[in-house]
Amino acid sequence: VQLQASGGGLVQAGGSLRLSCAASGPIFSIDYLGWYRQAPGKERELVARVTSDGIVKYGDSVQGRFTISRDNAKNTVYLQMSSLKPEDTAVYYCSAEGVYFSISSYARDFWGQGTLVTVSS
């Protein structure tokens with residue numbers, strides 16, 4: 001399974017960016033698609049994730065500013081980031097958690113390579 005993320009870049013504070021991540025490979029289903037981020041010197045943290053049924057969970061620091069969505073048919077997850085702050089600067093990692101290759105397979109987790117988001121003040 002490969003996760004291909006796109007959409008990172010440089011934006012001014014208060015601006016918006018949209019990240020996309022497509023999972024490809026012999027996928028039967030994916031429990032969670034989401035985004036984590038890691039800023040320099042900090043631990044990786046949850047940004048947002050969404051289940052195949054559309055149940056979402058956001059990290060406290062992005063609640064109300066970011067919106068996650070998912071296209072199950074395309075195994076793609078989107079993250080619309082608005083009202084960006086300098087503290088949102090980080091490498092954003094796409095995640096696919098609970099990936100099944102068949103109805104009877106065991107689940108595995110996969111990570112994308114990361115895309116850098118830089119918010120200037």
Side-chain angles (χ1 to χ4, degrees):
V1 173
Q2 291 189 331
L3 299 179
Q4 183 65 49
S6 61
L10 174 65
V11 65
Q12 288 188 333
S16 299
L17 276 177
R18 187 180 191 232
L19 304 183
S20 300
C21 177
S24 61
I27 298 168
F28 176 75
S29 65
I30 305 175
D31 286 345
Y32 301 95
L33 282 171
W35 296 91
Y36 290 74
R37 68 185 183 187
Q38 188 166 19
K42 295 188 176 181
E43 294 185 352
R44 189 173 296 190
E45 64 174 355
L46 171 71
V47 177
R49 68 178 189 178
V50 56
T51 70
S52 57
D53 294 331
I55 299 171
V56 302
K57 178 179 176 62
Y58 293 99
D60 291 341
S61 60
V62 307
Q63 184 79 40
R65 299 187 296 122
F66 291 9
T67 302
I68 191 168
S69 60
R70 172 174 175 166
D71 185 331
N72 288 328
K74 297 180 180 179
N75 287 325
T76 299
V77 62
Y78 307 95
L79 185 69
Q80 179 66 45
M81 303 184 292
S82 302
S83 302
L84 283 161
K85 305 175 181 179
E87 50 264 43
D88 293 318
T89 295
V91 177
Y92 284 69
Y93 295 93
C94 175
S95 69
E97 299 171 77
V99 179
Y100 293 84
F101 301 108
S102 71
I103 197 169
S104 59
S105 75
Y106 56 89
R108 290 185 59 187
D109 298 340
F110 295 88
W111 294 87
Q113 290 187 336
T115 184
L116 178 62
V117 172
T118 303
V119 184
S120 63
S121 58

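When every heavy atom of Gly114 is checked against every heavy atom of Val91, the shortest pair comes out as CA-CG1, 3.8 Å. Looking at every heavy atom in both residues, Ile30 comes nearest to Ala23 through CD1-CB, 4.1 Å. Considering every non-hydrogen atom in both Leu19 and Gly8, the closest pair reads CD2-N, 3.5 Å.
Applying the side-chain hydrogen bond (donor to acceptor under 3.5 Å, both in side chains) test to residues at least two apart or on different chains, none of the pairs has a partner in residues 75-86. Applying the side-chain hydrogen bond (donor to acceptor under 3.5 Å, both in side chains) rule to pairs touching residues 50-62 yields Arg37-Ser61, sequence neighbours excluded.
Taking Ile, Leu, Val, Met, Phe, Trp and Tyr as members and joining any whose side-chain heavy atoms lie under 4.5 Å apart, directly or through other members, the hydrophobic cluster of Tyr100 also contains Phe28, Ile103.
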- Task: Quick one: do Trp111 and Arg44 satisfy side chain to side chain contact (heavy atoms under 4.5 Å, CB included)? Show the steps, please.
- Result: CA-CA 12 Å; Trp111 294 87; Arg44 189 173 296 190; 3.3 Å; yes
- Message: Checking Cys94 against Val77 for the side chain to side chain contact (heavy atoms under 4.5 Å, CB included) test, could you report, in this order, the C-alpha distance in whole Å, the side-chain angles of both residues, the deciding distance, and whether it holds?
- Response: CA-CA 8 Å; Cys94 175; Val77 62; 4.1 Å; yes
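Interatomic distance, Ile55 CD1 to Arg70 CZ, rounded to the nearest 0.5 Å: 11.0 Å. In this structure, the separation between CZ on Phe66 and CG on Leu79 is 6.0 Å, given to the nearest 0.5 Å. Between the OG atom in Ser95 and the CH2 atom in Trp35 there is a gap of 9.0 Å [rounded to 0.5 Å].
Every residue two or more places apart in sequence or in another chain that forms a side-chain contact (heavy atoms from CB on, under 4.5 Å) with Val119 is listed here: Val11, Ala13, Leu84, Pro86, Asp88, Thr89, Val117. Arg18 pairs by the salt bridge (charged side-chain N to carboxylate O under 4.0 Å, His left out) definition with nothing, not counting sequence neighbours. By the side chain to side chain donor-acceptor pair (under 3.5 Å) test, Tyr36 is found to be paired with Glu97, residues two or more places apart in sequence or in another chain being considered.
The hydrophobic clustering, which links ILVMFWY residues whose side-chain heavy atoms are closer than 4.5 Å, places Leu46 and Ile68 apart. Note: the hydrophobic cluster containing Met81 does not contain Leu10 (ILVMFWY, side chain heavy atoms under 4.5 Å, direct or indirect links).
Within 6.0 Å of atom CD in Gln113, 12 or fewer heavy atoms from other residues, nucleotides or ligands are found, so the atom counts as exposed in its surroundings. Counting heavy atoms of neighbouring residues, nucleotides and ligands inside a 6.0 Å radius, atom CD of Gln4 does not exceed 12 of them. Phe110 CZ: more than 12 foreign heavy atoms inside a 6.0 Å radius. Within 6.0 Å of the CD atom in Gln2, the count of heavy atoms belonging to other residues, nucleotides or ligands does not exceed 12.
Within the 3.5 Å criterion, the main-chain N or O of Val99 finds no donor-acceptor partner in the side chain of Asp109.
Between Leu3 and Tyr93, every side-chain heavy-atom pair lies at or beyond the 4.5 Å cut-off.
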